[in-house]
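One structure is given here, and the rest of the page talks about it.
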Protein chains: 2
Amino acid sequence: MVLATTLPDTKTRLLDAALLVIRTKGYAGTSVDDLCHAAGVTKGAFFHHFKSKEDMAVAAAAHFGAMAESLFSRAGYRELSDPLERLLAYVDFRKSILQGALPEFTCLLGTLVQEAYETHPAIAAAANRYISEHATTLEADISAVMATRGTPPTWTAASLALYTQAVIQGAFILAKAKGGPQVAVDCLNHLSCYLKLLFNHKP
Amino acid sequence: MVLATTLPDTKTRLLDAALLVIRTKGYAGTSVDDLCHAAGVTKGAFFHHFKSKEDMAVAAAAHFGAMAESLFSRAGYRELSDPLERLLAYVDFRKSILQGALPEFTCLLGTLVQEAYETHPAIAAAANRYISEHATTLEADISAVMATRGTPPTWTAASLALYTQAVIQGAFILAKAKGGPQVAVDCLNHLSCYLKLLFNHKP
DNA sequence: ACATCAATACCGACTGGTTGGTATGTGTCG
DNA sequence: CGACACATACCAACCAGTCGGTATTGATGT
């Protein structure tokens, strides 16, 4: 009889460690030994599960994408019926996540793509994929807002969805520069303000 | 009699090379040998001018900050007298810079701070300093807009100036993810739209 | 019930190449 | 001469990746 699920399996431990360590030290700044030490496994285990460090980064991007998808799809704001309220609540939800130390709430995909976009095409493609997937879920919500509130001149739902992601990524960079999340909160407040102005939100 | 200025001196060549190479491969992904090769100098010269790789990165951040300050202070949009037109022209000017390959127009400071914020405090501090200096010049322009057009509720010139920088940094990340500047242009268009809505700009 | 085989998961010593940094020498200019 | 601006050779530490080995597991034949 199996009493309890013990530790997550080795591969998952490595991926979880990768999320934290790479967000802390960057991809190139993280050695395979760093990862193994953080996950409490040996190098043999690492290269049993991943054929190279780059391969692991691609898997880590997928792991991060899956965690994010789970986080946002389960979040309470998803149940709001009014499309604009739901979109604004998304921004508020992102604000509420900005807690704890920087490596815990910043985006692995943004970190990866900035380092790897020229040197590691496979990593860049993976980061782009999961960023774009998240933007696409937003795009659906924005289309719903446009259907009820009217479409602002010239913009598409897709371009506005990408803009929100740019604001979020940029907010993380400023938070890293300033050493704390306050500036990121301010940026998300501006984003919220923009959305309300665009769609004539009445308070 | 000195006939002509020949090549820039060794230290400047190294710093210019650092701007390009670090923006291409990242800080940790760039070796001292890479830099020396790109600058056409030897390692002896490198360590003659910089006491360590980290020290060079701090100097490169200052070099980048000085080039940016020169670029923006000489730009034509500076001469517009209407504060709001000047602010909007700043965004247009930033759009016009998004030409050529990605390493040529992206921001060294954003790249550096994302990699170094936890592991190299001196680099992070330098990046923060020059990002904040640039934001401060913008803040003056924004204050002038507020004086003529009225202050939007709750915002300060400082927070709006930082927001513009977040949008720009985020736009660079998306451009790297998607492999070209188009998405960054779209983001700056949204930023322009926000500023116009905030300050009741009439076309 | 039990021996056998094969696949999987993991270990840790090892390797060849690269890294940031140093030590020493050399030419040049005042 | 001596301070500066490099060049060359070198080093110890570290790096990603390999390899021979072992422990465990589940399927199969008898």
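Residue numbers start from 1 in every chain, and the chains themselves are labelled A, B, ... in the order their sequence lines are given, proteins ahead of strands.
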Mind running side chain to side chain donor-acceptor pair (under 3.5 Å) on A:His190 and B:Ser159 for me, showing each step along the way?
-> CA-CA 9 Å; A:His190 276 286; B:Ser159 90; 2.8 Å; yes

Could you list by number each residue of residues 14-26 of chain A showing a heavy-atom separation from DNA chain C of less than 4.0 Å, or answer none if no residue does?
-> none

Taking DNA chain C as the partner, which of residues 38-54 of chain A come within under 4.0 angstrom of it by heavy atom?
-> A:Thr42, A:Gly44, A:Ala45, A:His48, A:His49

Any idea how B:Phe105 and B:Phe172 line up, ring-wise: parallel (<30°), tilted (30 to 60°), or perpendicular (>60°)?
-> tilted

Taking the six-membered ring for Trp, are A:Phe93 and A:Tyr77 parallel (under 30°), tilted (30 to 60°) or perpendicular (over 60°)?
-> tilted

Can you name the closest pair of heavy atoms from B:Ala28 and B:Glu115 and give their distance?
-> N-OE1, 3.0 Å

Pairs where residues 19-28 of chain B contributes a residue and the test side chain to side chain donor-acceptor pair (under 3.5 Å) is met, not counting sequence neighbours | B:Lys25-B:Asp34

Hey, do the aromatic rings of A:His63 and A:Phe50 have their centres closer than 6.0 Å?
-> no

Indicate yes or no: does B:Arg13 engage B:Asp16 in a salt bridge with an N to O separation below 4.0 Å.
-> no

Is a salt bridge present between B:Asp186 and B:Lys95, judged by a nitrogen-to-oxygen distance below 4.0 Å?
-> no

Report the residues that fulfil salt bridge (Lys or Arg N to Asp or Glu O under 4.0 Å) with A:Lys11, sequence neighbours left out, ordered by chain and then residue number.
-> none

Interface limits on DNA chain C, where chain B has a heavy atom under 4.0 Å of a nucleotide atom | C:dT19 to C:dT22

Give a yes or no on whether the backbone of B:Ser70 and the side-chain of B:Ser73 come within a donor-acceptor separation of less than 3.5 Å.
-> yes

Ring pair (Phe, Tyr, Trp, His ring centres under 6.0 Å) between A:His134 and A:Tyr90, intermediate numbers included = CA-CA 12 Å; A:His134 183 68; A:Tyr90 165 78; 5.8 Å; yes

For DNA chain D, note the earliest and the latest nucleotide, 5' to 3', having some atom under 4.0 Å of a heavy atom belonging to chain B.
-> D:dA5 to D:dT8

Considering only heavy atoms from C-beta outward, does the side chain of A:Leu14 approach that of A:Val41 to under 4.5 Å?
-> yes

